[in-house]
Each structure stands twice: as structure tokens, then as C-alpha cells.
There are 2 protein chains.
Amino acid sequence: MVVELELSDDDVNRIFRALADATRRDIVRRTLVADVSVSQLADAYVMSFAAVQKHVAVLEEARLVTKQPRGRERMVRGNPDRIRQAQRLLTQFEHVWRSRIDRLDALLDEDHDN
Amino acid sequence: MVVELELSDDDVNRIFRALADATRRDIVRRTLVADVSVSQLADAYVMSFAAVQKHVAVLEEARLVTKQPRGRERMVRGNPDRIRQAQRLLTQFEHVWRSRIDRLDALLDEDHDN
DNA sequence: GTATCGTGCAACCAAATGGTTGTAGAACTT
DNA sequence: AAGTTCTACAACCATTTGGTTGCACGATAC
């Protein structure tokens, strides 16, 4: 079930902010491919466990990943719905742009009449 | 002519970072619709001229907008190519996700044989 | 020529970010 | 029961961010 709720400005801020870091983008990639524990993620980067933990927390607050307990581990799973929502935001910009193009085209048509 | 060059990690960082602020997203929207001077933008927000100037600078470094002199004003123009590039980045995540789905489907098919 | 407008830039400040180490507890292993 | 693994969280630190004010300067208006 896809939860389709309105995104607040803060939601959008958190999503793009979370994506503005190469390590976090890599975490999203990995956890979209398969569920990965936090310590498995930590092994993949040359920073402390706590640092990776913080990155995961940022992604979690942006709902770009979810965490679910499995024994003593926390499995991190990428959330494709959220990615799609971000994509749609950029599509909206695309629409704004197209409307400008259309207006410029209309102006050209008017000129054509003169 | 659309310049189609490879985006570095830092480029991507700057793009998403720039989009992670509501004021900056609004500036992008406005300047996609029509060219707007920096002072016109400044009038639209309840912050100092210098603050708006800084936001424009962040967008400019991310190449989400360009600035061109017109008399004493600097006209800010949104760059739709850059938006599209950001969109494409998210599409790549989409592909990663689909490949996972496909693999899970393949597993289900194997189960079906048993 | 003088005043005003639009801009750029520096200096400053508080808060957020991205990293560290250390401590503690829950869940497995032996 | 004791040791190890995985996680959470706090405290700390340097840097970046997002805002401010003030000043300098080119372009326009009077």
C-alpha cells in the first residue's frame, strides 16, 4: 500500500537534504537492492559506526529508509515510494518550465500575425 | 544545446543541497516562469537582500540558475536542464529498485516450480 | 553633478552538520 | 555464566549554513 500524503516544506527539505551526501546516497542504493544491517553498512565505509548510524538516522527521518529489528540487528530497507515522491517534485518544476515555453510560443504566434 | 556531462559527487551534493531549502525552491520556481532580478526576488521574502543574494549564489553554484547582467540589475534565470539531471538521478534509483523486484520475482518463479 | 538604486562582499553570529570517542544495554555464542 | 556482537545515545569538536549589518561601487535618474 502506497501512502500518498501531502509533503510539507519540511518533509521536502529533509528528503533533499538527506540526498545531498554521497555516503547517504550510497546507503540508499545498497538498501534498495537488499536489506542490510547497520553494522554491515558501517563495514562498507571508512568512518565510525556511530557516523554511519547518524547517516541512517538522517535517511530515516526523511523516510527514505526504514529500519526493522531482526534479532539484535536493525535491518535497513530503502523506501522506493519516497524516491518517487522526490522525482515527482522535480516533475512539477518541469511543468512550470513547460508553461513558460508555451507562453513564449504564444508570443511568437502573435508576432507571426503582425 | 544541452550540455550532457558527467555529474561528480560534489555536483550532485550541491544540486540536492540547493533544493533542500523552501526559499531556494521558490526562487527556482519563479525564475523558471520568467527572468527576475535579485532585488525583485528580495522583495518577495521577509529576509535581507544579502540573505536572498546568498540563496541565489547557492543555486548558481549548483547551476540550477544562471545570472546575466541587464543594466545595473542581474537577471536570474532557472536552468531546466539541471532539474532534469536531478530527476534522472532519482530515476537511476528507480532502476536499482526495479532490479530488486525482478530478482524477487525470479525467486517466486523458482518456488513455483517446486 | 548628485542622489538613488541594484549589487557584491566582508565581518560577524547562532544553529545545524558531520565527524569523533566513550558508555551502556540487549541479544546472541560458547 | 561469561564473552562477544550489534545497537543506541551522550558529549564533544570543527566546519558549514543561514541569517544579519555595514560599506563600496557601477549604473541610472534628476
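Please read all numbers here as calculations on a predicted model, not as lab measurements. Here is the naming used below: chain letters follow the sequence lines, and residue numbers restart at 1 for every chain.
Between F16(A) and D21(B), every side-chain heavy-atom pair lies at or beyond the 4.5 Å cut-off. The shortest side-chain heavy-atom distance between Q85(B) and L89(B) does not fall under the 4.5 Å cut-off. Contact check for V56(B) versus K67(B): side-chain heavy atoms found under the 4.5 Å cut-off. When side chains are defined from C-beta on, H55(A) does not count as touching E60(A), because their heavy atoms never get closer than 4.5 Å. Using a 4.5 Å heavy-atom cutoff, the side chains of M47(A) and T23(A) are in contact.
Distance, M47(A) CE to dG18(C) P: 10 Å, rounded to whole Å. Look at NZ on K67(A): it is 15 Å from P on dC6(D), rounded to the nearest Å. D21(A) places its CG atom 19 Å from the P atom of dA16(C), with the value rounded to the nearest Å. Rounded to a whole Å, the OH atom of Y45(A) is 14 Å from the P atom of dT20(C). One atom, CE of M75(A), and another, P of dA8(D), lie 13 Å apart when rounded to the nearest Å. Per the geometry, CD belonging to Q68(A) stands 16 Å off C1' belonging to dC6(D), to the nearest Å. The interatomic distance linking R25(B) (CZ) with dG18(D) (C1') rounds to 15 Å, in whole Å. In this entry the distance linking CD of E61(B) with P of dT16(D) reads 12 Å, nearest Å.
Note on R24(B): only backbone sugar-phosphate atoms sit closer than 4.0 angstrom, heavy atoms only; bases stay farther off. Residue R17(B) is classed as a sugar-phosphate contact, given heavy-atom separations below 4.0 Å to backbone atoms only.
For E73(A), the listed nucleotide lying nearest its side chain is dC6(D); candidates were dC6(D), dT20(C), dT20(D). Across dT7(C), dT20(C), dT28(D), the shortest atom-to-atom separation from the side chain of S39(B) is found for dT7(C). Among dT28(D), dT7(C), dG18(D), the nucleotide with an atom closest to any side-chain atom of R72(B) is dT28(D). Listed nucleotides: dG8(C), dA8(D), dT21(C). Nearest to the side chain of A50(A): dT21(C).
Toward the 5′ end of DNA chain C lies the nearest nucleotide of V58(A), the other residue of the pair V58(A) and G71(A) mapping further downstream. Residues R70(B) and F49(A) both approach DNA chain D. Their nearest nucleotides, taken by heavy-atom distance, put F49(A) toward the 5′ side. Nearer to the 5' terminus of DNA chain C, by closest-nucleotide assignment, is the contact made by S37(B) (compared with the other of S37(B) and T23(A)).
Phosphate contact (OP1/OP2 of dT7(D), side-chain N/O of Q53(A), threshold under 4.0 Å): absent. Residue R74(B) places at least one side-chain N or O under 4.0 Å from the OP1 or OP2 atom of dG8(C). Between K54(B) and dG8(C), a side-chain N or O to OP1/OP2 separation shorter than 4.0 Å is absent. Distances shown here put every side-chain N or O of S48(A) at or beyond 4.0 Å from the OP1 or OP2 atom of dG19(C). Distances shorter than 4.0 Å separate none of the side-chain N or O atoms of H55(B) from OP1 or OP2 on dT17(D).
Exactly one of L7(A), L59(A), V28(A) qualifies for a side-chain contact (heavy atoms from CB on, under 4.5 Å) with R82(A). That residue is L7(A).
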